Amino acid sequence: MTGNAGKVAEMRSLAEPMGYAVVQDKRGYPELQAASLAEVCAAGADHLLASGLRPPFLLEDSGLFVAALKGFPGVYSRHALETIGCGGVLGLMRDVEEELRSAAFRTYLLYVDAGGKRHAFEGTCKGRIAARRAGSTGFGFDPIFIPDAPGAGGRTFAEMDLAEKTRLSHRGKAVRAFLAHLAKSASPPS
Ligand code: ITT
């Protein structure tokens, strides 16, 4: 359940090799603001179940949490991207020195299984806000986020291909945990 094609491409790249089909449902749900990623997903699941959607389904909420901005944009990431954009975040960080530019991407995945039971999976990728935009792959805040990882070499997510990003990313970690859960709890896909 997501309107974001970039998220779907990343999930497909991890799930399809394991034999799972990823079907995007764009119907959406009201995203509570001023709440945690977990609360946004829980309220979304409540809404979808009340509106008659039959499980199993998967919800995902992600955000970029910038330490020097006290966690902003965080749960407001979508609104921030649509309003001030990457350039606006860089502007807010203009006078912030290199060592104080730490940030983290977080993903919260909520899986409602066929029996209606909820399972949560989280992924965090620590890194920092770049001094300037770089790269053209990915989506969202990828051009301004440099993951802390050996081999990343100071490149932003938008300077990596999808496989490299998902190996390091918040979403990659959460989706791998979810796939491990499926592999453990369900019979293998035919
Ligand atoms: P759905 O809620 O329909 O899934 P969305 O694009 O609104 O799609 P989120 O609320 O989870 O997704 O994401 C908040 C914002 O953070 C959104 O603008 C994304 O583009 C951005 N974002 C999320 N994951 C990202 C990633 O891996 N790389 C860069 N930006 C990301």
Side-chain angles (χ1 to χ4, degrees), residues 1-15 22-48 51 53 57-66 69 71-90 92-93 103-112 120-130 133-149 152 155-178:
M1 179 67 59
T2 178
N4 185 321
K7 290 183 179 181
V8 177
E10 291 177 12
M11 286 185 195
R12 283 207 170 114
S13 75
L14 295 169
V22 176
V23 180
Q24 181 179 13
D25 186 329
K26 297 186 195 167
R27 79 186 70 186
Y29 49 90
E31 280 196 17
L32 284 190
Q33 295 294 299
S36 63
L37 300 177
E39 286 171 291
V40 171
C41 286
D46 291 344
H47 173 87
L48 291 165
S51 71
L53 180 66
F57 58 82
L58 187 65
L59 297 183
E60 195 256 38
D61 199 37
S62 296
L64 175 65
F65 296 76
V66 181
L69 304 178
F72 180 82
V75 291
Y76 304 105
S77 291
R78 179 180 181 164
H79 186 62
L81 187 76
E82 288 168 357
T83 51
I84 63 173
C86 288
V89 174
L90 288 180
L92 293 172
M93 296 291 287
F105 261 124
R106 299 186 198 286
T107 287
Y108 188 92
L109 270 185
L110 183 63
Y111 175 56
V112 183
F121 307 91
E122 295 180 66
T124 298
C125 179
K126 291 187 180 166
R128 65 181 194 275
I129 301 300
R133 204 187 275 264
S136 56
T137 63
F139 65 95
F141 294 108
D142 283 343
I144 62 166
F145 182 80
I146 299 173
D148 279 342
R155 286 171 301 143
T156 66
F157 270 157
E159 295 178 286
M160 299 178 184
D161 64 18
L162 188 140
E164 189 175 11
K165 179 186 169 188
T166 51
R167 193 162 51 74
L168 306 175
S169 77
H170 46 302
R171 182 165 300 101
K173 290 173 187 164
V175 171
R176 281 191 294 273
F178 165 59

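Just so you know, ligand 1 is whichever comes first in the structure, and atom 1 is the first atom listed for that ligand. In this text the structure is predicted, and so the values were computed from the model without any measurement.
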Is there side-chain contact between [X] and [Y], with heavy atoms separated by less than 4.5 Å?
| X | Y | answer |
| --- | --- | --- |
| M160 | R167 | no |
| R171 | L14 | no |
| L53 | D25 | yes |
| L64 | I129 | yes |
| E39 | V75 | no |
| F157 | L168 | yes |

When you measure from [atom] to every protein heavy atom, which one gives the shortest distance, and what is it?
| atom | value |
| --- | --- |
| atom 6 (O) of ligand 1 | N4 ND2, 3.0 Å |
| atom 2 (O) of ligand 1 | E31 OE2, 2.7 Å |
| atom 9 (P) of ligand 1 | K7 NZ, 3.4 Å |
| atom 4 (O) of ligand 1 | T2 OG1, 2.5 Å |
| atom 30 (N) of ligand 1 | F141 N, 3.0 Å |
| atom 16 (O) of ligand 1 | S77 CB, 3.6 Å |
| atom 7 (O) of ligand 1 | R78 CD, 2.8 Å |
| atom 13 (O) of ligand 1 | S62 O, 3.4 Å |

Atom 22 (N) of ligand 1: which of F139, F145, Y29 has the nearest heavy atom?
F139

Relative to atom 28 (N) of ligand 1, which among T107, D142, L37, L59 owns the nearest non-hydrogen atom?
D142

D61 touching ligand 1 at heavy-atom level, < 4.0 angstrom:
yes

In terms of the angle between their ring planes, are F105 and F141 parallel, tilted or perpendicular, with boundaries placed at 30° and 60°?
tilted

Side chain [X], main chain [Y], donor-acceptor under 3.5 Å:
| X | Y | answer |
| --- | --- | --- |
| T137 | A158 | yes |
| E10 | K7 | no |
| R176 | T166 | yes |

Kindly confirm or rule out an N or O of [X] lying under 3.5 angstrom from an N or O of ligand 1.
| X | result |
| --- | --- |
| H170 | yes |
| L81 | no |
| F105 | no |

Would you mind listing which atoms of ligand 1 come within a distance below 4.0 Å of any non-hydrogen atom of [X]?
| X | answer |
| --- | --- |
| G3 | 1 (P), 3 (O) |
| K165 | 26 (C), 27 (O), 28 (N) |
| R171 | 23 (C), 24 (N), 25 (C), 26 (C), 27 (O) |

Could you tell me whether E82 approaches ligand 1 through its side chain, its backbone, both or neither, with non-hydrogen atoms closer than 4.0 Å?
neither

Exercise: do E60 and S62 side chains pair donor with acceptor under 3.5 Å:
yes

